[in-house]
Every structure is written in structure tokens, then in C-alpha cells.
Amino acid sequence: MFDLPALRATLSEKYDLAPSPELAAEMSDIYARMSRVVSPADWAIYAPYVRAINALKKERNAVILGHNYMTPEIFHGVSDFVGDSLQLAIKATEVEADVIVQCGVHFMAETSKILSPEKTVLMPDMEAGCSLAESITAEGVEEMRRRYPGAPVVSYVNTTAEVKAASDICCTSSNAAQIVAAQESDTVIMTPDQYLAQNVARQVPQKNVVWWEGSCIVHEQYTAQDLREFREWNPGTRLIAHPECPPDVVAEADFSGSTSGIIKYVTDEKPEKALLITECSMASNIADELPEVEFVGPCNMCPYMKKISLEKVLFALDTMTGQVEVDPAVADKARLSVQRMIDLSRKLGL
Ligand code: 13P
Ligand code: SF4
């Protein structure tokens with residue numbers, strides 16, 4: 001557990017991190033990407049950290065991969081590449097850097113390490129987990145194989161390296177239906193997200209999709225009734241849900257897609273009002289690019305994603321702590337599952 005005031009004090013001994021309206025003004029080009037959602041006073045606090053991190057990245061030959069759920073100061077301020085789980089996994093194979101700082105959750109950093117074992121992968125806070133990744137172990141995968149002999153196991157990337165290693169292929173929310181449809185067997189096991197699996201089962205009725213009973217603590221909170229009431233009280237609002245939501249919630253929505261799929265949909269469609277049925281930072285990160293869209297309604301915060309902060313990113317890069325390691329034998333097997341997903345996605349033009 002980090003003691004944030006103590007961390008700030010330690011970092012301030014080495015870096016000039018005092019809030020600075022002058023520096024904030026100098027860095028107004030970066031601020032312009034988040035000015036609708038970050039106040040000038042907050043930007044004056046963030047700007048010295050953003051400057052220090054961006055300078056240290058050059059020194060360390062590091063890149064920051066930022067997930068779409070990062071807060072705006074991380075998403076716009078220090079990330080070199082942003083995207084959904086699939087895009088970040090692919091980026092990890094492409095970037096020429098000695099160090100990857102994963103601004104996201106632990107399974108994403110593990111995926112980067114699996115794909116780029118020669119690189120140093122830093123996780124700013126090792127406690128940034130995921131309820132889905134925690135819901136299943138490799139033994140759980142074996143149990144599903146015993147229950148459904150011969151059926152392939154398609155595991156969501158939101159899993160540990162051990163679970164990936166025990167699976168046949170991975171998927172993300174942007175390619176799950178196509179990956180399941182491409183399996184030869186009639187029965188396909190999906191782990192660990194029961195709701196993603198049920199949503200895929202609807203999209204791929206020719207397959208008998210069976211699932212593990214895991215769920216995302218952020219998306220499972222939404223109900224179809226919430227959406228119906230919201231629509232009734234806010235006519236004309238476009239409802240857009242992540243496929244980790246229960247299937248009756250997805251059925252009530254106007255569109256469902258991965259985090260990047262949601263961003264693309266809102267960017268292309270530019271609805272007057274949009275409710276993003278997903279993590280809170282999604283709307284914040286695209287608000288400035290889409291001034292014509294009013295983002296309305298409640299969102300849910302992912303407590304794991306929100307563990308990543310500018311202070312922790314600076315500390316990780318400064319001290320090179322938080323290095324993610326994966327047992328090489330596990331990594332070799334897990335890489336097969338992730339690489340099969342990347343290859344199949346490319347083949348399918350996804
Ligand atoms: P995406 O692959 O859609 O970015 O989803 C990752 C995630 O953890 C959503 O909760
Ligand atoms: Fe895991 Fe849900 Fe958080 Fe995504 S939003 S990292 S699935 S707990």
C-alpha cells in the first residue's frame with residue numbers, strides 16, 4: 001500500500017513538483033486535451049508531474065501504454081499509446097523501447113511481459129488487480145475441460161498468465177464473438193466472464209457457449225431497469241454499454257463494444273447526449289475532443305484502475321520498481337494463447 005503524502009514528499013526531494021500556474025500555462029497544449037474535465041487548479045498540480053515523467057521517459061527509453069480507463073491527466077498527459085486491451089497488447093509487441101510502463105491493471109502488464117520478455121515492464125501499483133482475473137485459476141480451467149471434454153477454452157485477456165497458459169486461445173471484448181465463431185468445435189468454453197460469454201452466445205447462436213461464473217465488479221452493477229428508467233426520463237440519449245455488462249443491459253443499449261469500440265461509436269455518431277455504461281474515465285477522456293456531445297448519467301469507477309496515479313508512475317520510472325515478472329515456462333505457454341488471438345484477429349481483419 002502506498003502512503004501518498006510520504007511518496008509526494010520523497011519525490012519532491014528530487015523533482016520540482018510544486019504546483020505551478022506558470023508551468024501549467026507553458027504546457028497549455030497538453031491541458032487543451034482535458035480542459036473540459038480537469039480544472040485549471042488541478043492542472044497546476046499535475047503539470048510538474050507530467051513534465052517530470054515525460055523527461056524521465058526519454059532518459060529511460062520508456063513508453064507508457066495507457067488504458068482507456070486511465071484518468072485524463074494520465075491518458076492525455078503522459079501516455080504514448082492509449083487503447084483497449086487488444087490494442088495495448090498489440091502495441092506491446094511493436095514498440096521499440098527498453099521499458100514499458102503499463103498504466104492499466106496487472107493482467108495488462110503481464111500480457112506485455114509475456115509478449116515482450118526482453119523488455120522491462122513496470123506496474124506503478126502492483127495492487128491494481130481485476131475482479132475477473134481474480135475469479136479463476138488454472139485449476140478452474142482444468143475443471144471446465146473435465147466438464148466439457150474436447151471443447152476449446154477461450155479465455156478473456158482479463159486473466160493471469162497461468163490461466164492464459166492453461167487456455168487454447170485468448171480473446172478481448174473487441175474480438176470475442178469472432179474468436180468463438182472461428183473455433184471448430186460446437187461447444188466452446190469461455191472464461192472467466194459469464195456476462196461477456198452470454199453476450200457472445202447471443203451473437204454466435206451456432207455455438208454452444210459455456211462459461212465460468214466470474215464477473216466485473218464495475219459492469220455487473222448496471223441493471224436493465226436502470227437503463228429503461230434512464231431512457232424514459234432522458235429521451236434522446238444514446239445508451240452505450242460495454243459487453244461485460246449483463247446481457248439484458250446490453251440488450252437495452254443502442255450499442256455495445258470494447259472501450260475503443262465505444263470511443264469510435266461516439267466519435268463517428270456524435271449523438272447529442274450519450275450515457276456510457278462503463279467506467280467513469282471513458283467519458284472524461286473524450287469530452288474535449290467531442291464538445292458537441294453531452295455525456296450524461298451515472299458511471300461506475302474501477303477501484304483497480306484508479307490505483308494508478310501520476311505520483312506512482314513517476315516513482316516507478318524513477319526507481320525502476322514494480323517490475324513484472326512471469327515464470328518463463330508459463331510465459332511460453334501463455335504467449336501461444338495470446339499470439340493465437342492476435343494472429344486470428346489480424347486474419348479476420350479486426
Ligand atoms: P477493453 O478491452 O474493452 O478495453 O476492456 C478492458 C476492461 O477491463 C474493461 O473492463
Ligand atoms: Fe477488471 Fe472490471 Fe476493472 Fe476492467 S473494469 S479492470 S474488468 S474490475
Side-chain angles (χ1 to χ4, degrees), residues 65-71 74-75 79 81-92 102-112 115 123-136 154-160 163-164 170-179 190-200 203 211-222 240-246 249-250 253 255-266 276-286 298-308 338 341-342 345 350:
L65 302 185
H67 185 260
N68 291 328
Y69 288 166
M70 288 296 100
T71 47
I74 292 177
F75 187 89
S79 299
F81 302 99
V82 291
D84 64 16
S85 306
L86 179 63
Q87 291 168 326
L88 295 184
I90 293 173
K91 204 36 95 179
Q102 199 83 33
C103 286
V105 290
H106 191 266
F107 76 80
M108 295 176 180
E110 259 191 358
T111 306
S112 291
L115 292 170
M123 190 62 213
D125 187 335
M126 287 290 187
E127 288 180 11
C130 168
S131 66
L132 281 168
E134 285 154 22
S135 73
I136 187 165
V154 179
S155 283
Y156 200 24
V157 282
N158 298 38
T159 44
T160 61
V163 168
K164 289 182 175 78
C170 286
C171 73
T172 72
S173 56
S174 65
N175 59 20
Q178 292 86 345
I179 299 262
M190 285 190 78
T191 83
D193 188 349
Q194 58 184 309
Y195 297 132
L196 179 70
Q198 289 162 24
N199 286 317
V200 166
Q203 287 174 276
W211 52 80
W212 187 255
E213 300 263 317
S215 56
C216 160
I217 53 166
V218 173
H219 294 95
E220 70 179 355
Q221 293 179 46
Y222 293 101
I240 304 154
H242 193 276
E244 289 169 12
C245 293
V249 170
V250 169
F255 175 79
S256 175
S258 75
T259 54
S260 288
I262 291 174
I263 293 175
K264 184 174 180 332
Y265 177 84
V266 183
L276 305 192
I277 302 147
T278 186
E279 216 277 340
C280 298
S281 289
M282 283 279 294
S284 309
N285 288 334
I286 51 176
C299 58
N300 290 328
M301 205 101 92
C302 173
Y304 304 106
M305 291 277 183
K306 298 290 100 108
K307 283 193 178 287
I308 307 302
V338 180
M341 167 188 78
I342 292 175
S345 294
L350 300 173

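Ligands are counted one by one from 1 in listed order, and the atoms in each one are counted from 1 as well. Just so you know, these numbers come straight off a predicted model, no measurement behind them.
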Give the intermediate values and the outcome of side chain to side chain contact (heavy atoms under 4.5 Å, CB included) for residues Asn158 and Glu244. CA-CA 11 Å; Asn158 298 38; Glu244 289 169 12; 3.8 Å; yes
Donor-acceptor contact below 3.5 Å, side chain Lys164 vs main chain Ser155: no
Return the residue, atom name and 0.1 Å-rounded distance of the protein heavy atom closest to atom 8 (O) of ligand 1. Asn158 ND2, 3.3 Å
What's the shortest distance from atom 10 (O) of ligand 1 to any protein heavy atom, and which residue and atom give it? Glu244 OE1, 2.8 Å
Keeping the roles fixed (side chain from Thr172, backbone from Ser85), state whether a donor-acceptor pair exists under 3.5 Å. no
Do the side chains of Tyr222 and Asn300 get nearer than 4.5 Å, heavy atoms only? yes
For ligand 1, is there an N or O atom under 3.5 Å from any N or O atom of Ser85? yes
Within the 4.0 Å heavy-atom cut-off, what His242 brings close to ligand 1 is side chain
Does the residue Glu279 have a heavy-atom contact with ligand 1, meaning some pair of atoms that are separated by less than 4.0 Å? no
No-hydrogen, no-angle side-chain donor-acceptor test under 3.5 Å, Ser258 and Ser260: no
Which of the atoms of ligand 2 are close to Glu244, meaning less than 4.0 Å from one of its heavy atoms? 2 (Fe), 7 (S)
Report the residues that fulfil ring pair (Phe, Tyr, Trp, His ring centres under 6.0 Å) with Tyr69, sequence neighbours left out, ordered by chain and then residue number. His67
The reported gap from CG in Asp193 to OG in Ser215 (rounded to nearest 0.5 angstrom) is 7.0 Å
Checked atom 3 (Fe) of ligand 2: protein N, O or S atoms closer than 2.8 Å come out as Cys302 SG
Any heavy-atom pair between the side chains of Ile308 and Asp125 that's under 4.5 Å? yes
Output yes when the distance from some N or O of ligand 1 to some N or O of Ser173 is under 3.5 Å, and no in every other case. yes
Asp84 heavy atoms, cut-off 4.0 Å: which ligand 1 atoms fall inside? 1 (P), 2 (O), 4 (O)
Counting only nitrogen or oxygen atoms and a 3.5 angstrom limit, does Ser258 reach ligand 1? no
Would you check if Val105 and Met305 make a side-chain contact, meaning some heavy-atom pair closer than 4.5 Å? yes
For Glu279, check salt bridge (Lys or Arg N to Asp or Glu O under 4.0 Å) against everything at least two apart and list the hits. Lys306
Using a 4.0 Å cutoff against the non-hydrogen atoms of Asn158, which atoms of ligand 2 qualify? 7 (S)
Results of salt bridge (Lys or Arg N to Asp or Glu O under 4.0 Å) for Glu127 - residues two or more places apart only: Lys307
